[in-house]
> 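If you scroll down you'll find the structure; I have some questions about it.
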Amino acid sequence: MEKLSVNIINQSAFALPAYATSGSAGMDLRANITESFTLQPLERTLVPTGLFMALPEGYEAQIRPRSGLAIKQGLTCLNTPGTIDADYRGEIKVILINLSNEPQTVLPGDRIAQMVIQRVAQVEWLAVETLDTTNRGSGGFGHTGKI
Ligand SMILES: O=c1ccn([C@H]2C[C@H](O)[C@@H](COP(=O)(O)OP(=O)(O)OP(=O)(O)O)O2)c(=O)[nH]1
Ligand SMILES: [Mg+2]
């Protein structure tokens with residue numbers, strides 16, 4: 001797996017995010033809060049992580065939900081996958097929403113989301129009059145598999 005060195009400032013009360021296993025795609029992010037909070041059904045909030053980083057150009061970080069939190073508590077990231085731009089120098093924050101029908105409490109240090117680092121490309125447009133033809137063409141939205 002590609003290893004990338006990334007500058008990070010950790011102003012949180014917790015250790016730096018880490019991969020839980022050698023094959024993990026994401027690192028869990030913890031709620032850097034001093035007091036617990038409760039989200040009512042459909043309530044959302046911005047949760048600080050205390051982390052600031054400088055990704056190299058050509059990379060992004062995605063903030064994704066944790067499946068355990070989603071299935072057990074209905075807590076997920078509203079804007080999933082959240083996008084951390086390579087030129088962002090602010091605090092990484094997580095937009096959590098409670099999609100369950102009961103109040104859900106988040107405690108200081110809870111693992112609320114995971115962060116995946118990915119390569120990205122920026123495009124340079126080539127404006128043309130026609131596009132190349134393909135088998136799929138304009139079929140989509142359930143087009144395949146029909147008799
Ligand atoms: O879940 C997220 C999503 C975004 N961000 C930060 C990093 C990102 O680089 C910046 C902007 O995010 P985005 O482009 O998604 O938001 P926007 O509404 O388009 O704001 P902007 O106009 O600042 O780009 O906010 C987070 O900390 N957490
Ligand atoms: Mg933006």
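Fair warning: this is a prediction, and the values are worked out from it, not measured in the lab. Atoms considered below: every heavy atom in the structure, side chains included; atoms not considered: hydrogens, waters and symmetry mates.
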> Listed by chain and number, what are the side chain to side chain donor-acceptor pair (under 3.5 Å) partners of T38, not counting sequence neighbours?
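For T38 the side chain to side chain donor-acceptor pair (under 3.5 Å) partners, ignoring immediate neighbours, are T105.
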> To the nearest 0.5 angstrom, please state how far the CD atom of E43 sits from the CG atom of L96.
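Between atom CD of E43 and atom CG of L96 there are 11.0 Å.
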> Output all residues satisfying salt bridge (charged side-chain N to carboxylate O under 4.0 Å, His left out) with R66, sequence neighbours left out; order by chain, then residue number.
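Once residues adjacent in sequence are excluded, the partners of R66 under the salt bridge (charged side-chain N to carboxylate O under 4.0 Å, His left out) criterion are D28.
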> Are any of the side-chain heavy atoms of I63 and T80 separated by less than 4.5 Å?
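A side-chain contact under 4.5 Å is absent here.
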> Please identify each residue that fulfils side chain to side chain donor-acceptor pair (under 3.5 Å) with E60, with sequence neighbours left out.
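Partners of E60 under the side chain to side chain donor-acceptor pair (under 3.5 Å) test: Q62.
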> For E124, check salt bridge (charged side-chain N to carboxylate O under 4.0 Å, His left out) against everything at least two apart and list the hits.
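Checked E124 against salt bridge (charged side-chain N to carboxylate O under 4.0 Å, His left out); zero matches.
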> Side chains of S100 and P41: does their closest heavy-atom pair fall under 4.5 Å?
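Result no, sub-4.5 Å side-chain heavy-atom pair not found.
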> List for me each residue that meets salt bridge (charged side-chain N to carboxylate O under 4.0 Å, His left out) alongside R119, sequence neighbours excluded, and say none if there are none.
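Counting only residues at least two positions away or on another chain, R119 forms a salt bridge (charged side-chain N to carboxylate O under 4.0 Å, His left out) with E2.
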> Could you work out, with side chain to side chain donor-acceptor pair (under 3.5 Å) as the rule, every residue matching R30, not counting sequence neighbours?
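R30 satisfies side chain to side chain donor-acceptor pair (under 3.5 Å) with no residue once adjacent residues are dropped.
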> Membership question, hydrophobic clusters at under 4.5 Å side-chain separation (ILVMFWY): are L29 and F14 in the same one?
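No; tracing contacts between hydrophobic side chains, which count when under 4.5 Å, never links both residues.
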> Mind checking the CG-CD1 spacing from L51 to I84? Nearest 0.5 Å is all I need.
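L51 CG to I84 CD1: 10.0 Å, rounded to 0.5 Å.
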> Atom CZ of R64 and atom CE of M115: how far apart are they, to the nearest 0.5 Å?
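Result: 12.0 Å between the selected atoms.
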> Is there a path of hydrophobic side-chain contacts, each under 4.5 Å between heavy atoms, that joins V116 and V120?
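Unlinked, V116 and V120 end up in two clusters.
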> Using a side-chain heavy atom cutoff under 4.5 Å and only I, L, V, M, F, W and Y, what cluster partners does I9 have?
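Answer for I9: F52.
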> Does the side chain of P56 come within less than 4.5 Å of L4's, by heavy atoms?
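The answer is yes, as the side chains (C-beta and beyond) meet within the 4.5 Å cut-off.
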> Taking salt bridge (charged side-chain N to carboxylate O under 4.0 Å, His left out) as the cut-off, I'd like each qualifying pair that reaches into residues 71-91, sequence neighbours left out, listed once.
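Qualifying pairs: none.
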> How far does OG1 of T45 sit from CD1 of I112, to the nearest 0.5 angstrom?
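Between T45 OG1 and I112 CD1, I get 9.5 Å after rounding to 0.5 Å.
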> Is it the case that one hydrophobic cluster holds both V94 and L16, taking links as side-chain heavy atoms less than 4.5 Å apart, direct or via other members?
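Yes, it is one cluster - the side chains of V94 and L16 are joined through contacts under 4.5 Å.
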> Quick one: hydrophobic cluster around L42, which other residues, with the 4.5 Å side-chain cut-off, linked directly or via members?
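Other cluster members: L46, L78, I95, I97, L99.
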> Can you give me the closest heavy-atom contact between P108 and S36, atom names plus distance?
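Answer, listing the atom of P108 first, then S36: CD-N, 3.8 Å.
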> Within this structure, what is the CG-CG distance for the pair D110 and N32, rounded to the nearest 0.5 Å?
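Spacing of CG (D110) from CG (N32) equals 12.0 Å.
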> Can you sort out the partners of T134 under side chain to side chain contact (heavy atoms under 4.5 Å, CB included), two or more places apart, ordered by chain and number?
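So T134 forms a side chain to side chain contact (heavy atoms under 4.5 Å, CB included) with D132, R136.
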> If you look only at pairs with a residue in residues 6-21, which of them pass as a side chain to side chain donor-acceptor pair (under 3.5 Å), with sequence neighbours excluded?
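Passing the test, one end in residues 6-21: N10-S12, T21-S24.
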> The criterion is side chain to side chain donor-acceptor pair (under 3.5 Å); which residues satisfy it with Q73, sequence neighbours excluded?
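Scan of Q73 (side chain to side chain donor-acceptor pair (under 3.5 Å), adjacent residues dropped) gives Q104.
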> Looking at side-chain heavy atoms only, is the closest gap between Y88 and T83 below 4.5 Å?
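No, their side chains stay 4.5 Å or more apart.
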> For the CD atom of Q114 and the OG atom of S67, what is their distance to the nearest 0.5 Å?
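Here the rounded value is 7.5 Å.
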